[in-house]
Amino acid sequence: MSAPAGSPHPAAGARMPPKLGGAASGLAPPQQNGPAPSQMQVPSGYGLPHQNYMAPSGHYSQGPGKMTSLPLDNQCDNYYSRPYTVPTQNVGTPSSANQPGAQQMYGRGPPAPHMGGSTPGSFQGAPASASHSYTSASQPYSSFGNRYSSPATYPASSCASQGYPSTCSHYPASTVSSVVYPNVSYPSLPASEPYGQMFTSQSASSARPAKDSYSGPSTAVTYPSRPPPPPSQHHQQQQQSHSGYSSVPWSAPGLPSTQDNLIRNQMGSLTPANNHPSNNENVQPPKSSSVVSTVLPGPSSSRMPPAPSHPVGPLPSALPPPEQMQTKGVDSSSTTSSASPLPNSYDALEGGSYPDMHSSSASSPAPDRALEPNPTLAQALSAAPTPTASHPTKVAKPFGYGYPTLQPAYQNAAPPPSSGGHPGGPGYSGYPQHYPGVNQLSSSLGGLSLQSSPQPESLRPVNLTQEKNILPPTPIWAPVPNLSTELSKLNCSPDSFRCTLTNIPQTQALLNKAKLPLGLLLHPFRDLTQLPVITSNTIVRCRACRTYINPFVSFIDQRRWKCNLCHRVNDVPEEFLYNPLTRSYGEPHKRPEVQNSTVEFIASSDYMLRPPQPAVYLFVLDVSHNAVEAGYLSVLCQSLLENLDKLPGDSRTRIGFMTFDSTIHFYNLQEGLSQPQMLIVSDIDDVFLPTPDSLLVNLHESKELIKDLLNALPNMFINTRETHSALGPALQAAFKLMSPTGGRVSVFQTQLPSLGAGLLQSREDPNQRSSTKVVHHLGPATDFYKKLALDCSGQQTAVDLFLLSSQYSDLASLACMSKYSAGCIFYYPSFHSAHNPSQAEKLQKDLKRYLTRKIGFEAVMRIRCTKGLSMHTFHGNFFVRSTDLLSLANINPDAGFAVQLSIEESLTDTSLVCFQTALLYTSSKGERRIRVHTLCLPVVSSLADVYAGVDVQAAICLLANMAVDRSVSSSLSDARDALVNAVVDPLSAYSSAVSSVPRSVLTAPSSLKLLPLYVLALLKQKAFRTGTSTRLDDRVFAMCQMKSQPLVHLMKTIHPNLYRIDRLTDEGAIHVNDRVVPQPSLQKLSAEKLTREGAFLMDCGSVFYIWIGKGCDNNFIENVLGYPDFAAIPQKMTHLPELDTLSSERTRSFITWLRDSRPLSPVLHMVKDESPAKTEFFQHLIEDRTEAAFSYYEFLIHIQQQIFK
Amino acid sequence: MEAVVFLFSLLDCCALIFLSVYFIITLSDLECDYINARSCCSKLNKWVIPELTGHTIVTVLMLASLHWFIFLLNLPVATWNIYRFIMVPSGNMGVFDPTEIHNRGQLKSHMKEAMIKLGFYLLCFFMYLYSFHYLSYSGFSSRPDGGFTELKQAMTLKWLQGGGGLGLKCSILSKRS
């Protein structure tokens, strides 16, 4: 992505986003204002929301037509390339080691200044006097380089806002990554030609001084400033400090603004800290700051001390820079600073205020991934202190697999006047002339065969049977789509949005030839550390297909934009331009919507069918004898008591409790009662609500009663003799209770429902558990739970199931209640609070996360894709209400989805395809919000390119989902065969069509080399294995997890990571939040790697195992485990003691770091070499042979036979 | 007597044709997002059994009246109807399941099936009509008119309406898609 400091960015043709990669920066809400308010007269009607664009996303009947192309002359690209100054220094992080590396990788602004413009010539006459360039020094370098930094570990971030008195507003914040932006100077444009820019030579920047570089080096990219004094812009940034969740917005006061307010909230930044002294007044928390903006005084000041900020914006000299910054508390409802006279038109934003926002979950690595072409390179860099060292490499290899010819093709596109700004660079047929490079591009791609040109790394043939170490020593990142650098930077983070093929085949025939699954993997609601939040009266959408405006649309001129999904040409609403009369604002391409592929809109009432619902939580608890015996009630009540105040919600939050055995018990918690009142309904055939109004009560008003109840509950049923469970009727009652509002129902169940509607019989035959033949009863036994779930879904109620049972409970049937109501499923086999402490601990940790994580209510998600592609199958927990609309009663940050795609029409007339998911939900604070992710991928026409772009992890996750469907609808053995075929087919197609290696040798392109390993791992999963004793509920639960987990978590379950931890060193370590985290290399999952002298950690996602060899060094046992020798280690050990030794510290910091990267805190199991728990550990060594399954090598031989038979 | 059998079959076949058209309309409504999957499936599932019975009765009637050719023609479709009904998984809400109808191209296959059945019923309709016509002339040749001409005309008219409706629907379909 970005070149090292001071290096010019090679990509000239495309637009340069103001910020590189997504960075953690605040955004500047462009507001109208200006020093001279009088100038800024708002045209009448201006302030009015344009309602016509805001129609709720409903169905649209209108067929998108292609629009005719417009004259080129008018075309402006919204994407301007701008001169970027490269910041060189400025990353002062406490933990320096990784920072430099990070800086190199990401900090770089593409240096080449360009002036892109439709009419370069027009510039010539621009008043030179007005032009100025200035640099802003912002560089938050986030800890990017290492994808390891979890946001959680970073302390507070500071935010600064700036008022830029400039015409152009820049939105520095990037959603995706915490990447920092180098200094960027933006010249302002002449009013007459707001869009005109010229490209300067690309190479110019190379000469750029590394450190104090002033922004436009010799490139002299001076942009004429606009004649009229530009209105100042008001930047506001809110960031949430990680620790306190408080956001501290800075605003520049004194700017009168009115029209359009854009606000971005940024939530905690990843950057460890920019400790650079900043010359501005921003108050920075000690370590913070990924986003700090600096205010630049004026053009004359060429350079700012590298303040950790990203100021991005042209500052006209005419206006004095705003100097005052104010901090605001989190609670401040308005983001505008109090000092500013602006009318406050924003709603309260809650952007950063979710308690769990800071948890970066696995996502933290993501940001850089998107940008980072080569993971290994990144790692290397992270260790290297000097940023420049890597520079050459980067330049040489802009993409993950650099197609040598590709880049030039894009570059070629740039120079022609008209093409300069086209972001998408998509060669739409209507504009052939714009992209001279397009044809070249496709031809170059097409010609990219193995023989012709240097072969991309991902196509390097790998002889699978010969290659011993197929697993790379470092974690595997998502491949980067082969796009121009600018588009790559804008693209959605692979953590949110991934496609199994990063090169989309042009036709279905080509896809069929490749035999690879095509689909999307989504994690739309994951915890983001930063997210631009936009409040504006008009949410700009395509009129035909209702696509939200996104970075990949093209602006034909400043009044029209062309939808990248249906190619319709739409008008840009007035509001999107700011002040078109004075032209001081007309830069729609700089809106945050167009600068970020992940944004969140605050939706207006047009997006509501009813007033936003309050957060409503109902707990339905099994209190039969079985449940009381298991003792989960005390764990649950304790967790609830601890987290009662952290439940997401506002003052309207309501909560209720029900318990059931053979009867149903309601609890009246109405404020004013002296103690909770229990109401028993024994008529389970016709359930009614005894006092409908007082069962769901306001959490804050009745808090004392609720606490009383929670304290009393664990002991209330202690002597119960009731063994029956009337789950069905209890659920019906819960549905009645919830239907007026909607919300979340949490069901705790410990046995097979045995009374009333929905009763189930045991269907498992224990003798068949290890059968290699057919596995029955993977599907539900009754449609009761499905119907109930659909009813709930219709009333915006989600049912979450906690199944804590020791015997068969028919999860296959019970799971339906969550599957179709968009709930989630937790399963604790053989749960007992005393006898099985590790399960109890797991429940406790899961509950903590469950209760406090962010939640969205009454949500719907719509996925759109470029015309020609269509979605045909969805995976996940939801109800598909219409062809592309998923109804999600609740959405939680741990939910993942998958979609299968097919290519219905040939994509020959486009070079890029886009996918957009829009998730409309009601936040727990009662705001209607829309989170939009947009992913852009190139289209290729040759088979080799399709193979080169395979994202093997995404493909495996999609295959897992498809296999689950197949198991249920057909049979398990069918699914297993299909999985094997999923390896055989592409490899055989590859060897016959692409590979030049002689047949009979099992080869795979490098991008696919892990496919056989992963498929073997899938075949050995609980969900799909045969021959090994597997309880039906375990199997079904594993299947449910595959359908509903996001990719990052699922991959760890499928293929755990194994590390050797008895010899941790600081070599290659990364620094996170002042801690040194060692980075041991990945070991392959085979017993051959386990030496008796070692200790190994296996990270299975939801559980950690530490295996200790018999001959393990006593030093390790003593210093890390705290026991004198191997024999003294207890069998059940779930915590590492905190010892004051170096090795203990290293081990703990490593484990903590792994833990912080995921939402559900895993439980640690110590496995001694001889302990019975060993089998649990060894079943994950998937490369080894078991009685019932192949070893990896045998599997390869099997595949080979299949291919060459 | 024969004529009565065919008259009944004719009426039954009309009903089946209308039912098929109704299926197609409802499915296309779902395709175009005019109704949601839940209501679509509950509407359709209501009519699965009537369709199945209606068709089975005709088939049995043909067997009983020893019209072997027509019986054999109807047999595969009747078998398919029954098979489809029996093979619904226990957890599904009927032949049309709202949670699955949008997956794996089910909607398309349902639509295709409804189309094929419509064609088949139309074919049957003409066959019954012809047989009925033939029988009414031969069996009631003593009465030149037989009293059935009006009925036939009415039938034809009715069919035209049905067919006209279908044509209209089809054009709507193509427009929508």
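Within every chain, numbering begins at 1; the chains are lettered A, B, ... in the order of the sequence lines, protein sequences first and strands thereafter.
- At a threshold of 4.5 Å between non-hydrogen side-chain atoms, the residues A:V880 and B:T99 do not count as touching.
- The distance from the CG atom of B:N103 to the CD atom of A:Q900 is 8.0 Å, given to the nearest 0.5 Å.
- Here the side chains of A:K786 and B:D97 are in contact, with some heavy-atom distance below 4.5 Å.
- Considering all non-hydrogen atoms of both residues, A:D783 and B:M93 come closest at OD2-CA, 3.8 Å.
- Put simply, of B:C40, B:P89, B:A37, the one with the most heavy-atom pairs under 4.5 Å next to chain A is B:A37.
- At a 4.5 Å heavy-atom cutoff, the contact between A:F874 and chain B is made by backbone and side-chain atoms alike.
- Residue B:R38 comes nearest to A:K787 through the heavy atom pair NH2-O, 4.1 Å, listed as atom of the first residue, atom of the second, then distance.
- Here the shortest heavy-atom pairing between B:S90 and A:P780 reads OG-O, 2.8 Å.
- Salt-bridge formation is detected for the pair B:K108/A:E904: a Lys NZ or Arg NE/NH1/NH2 atom is positioned less than 4.0 Å from an Asp or Glu carboxylate oxygen.
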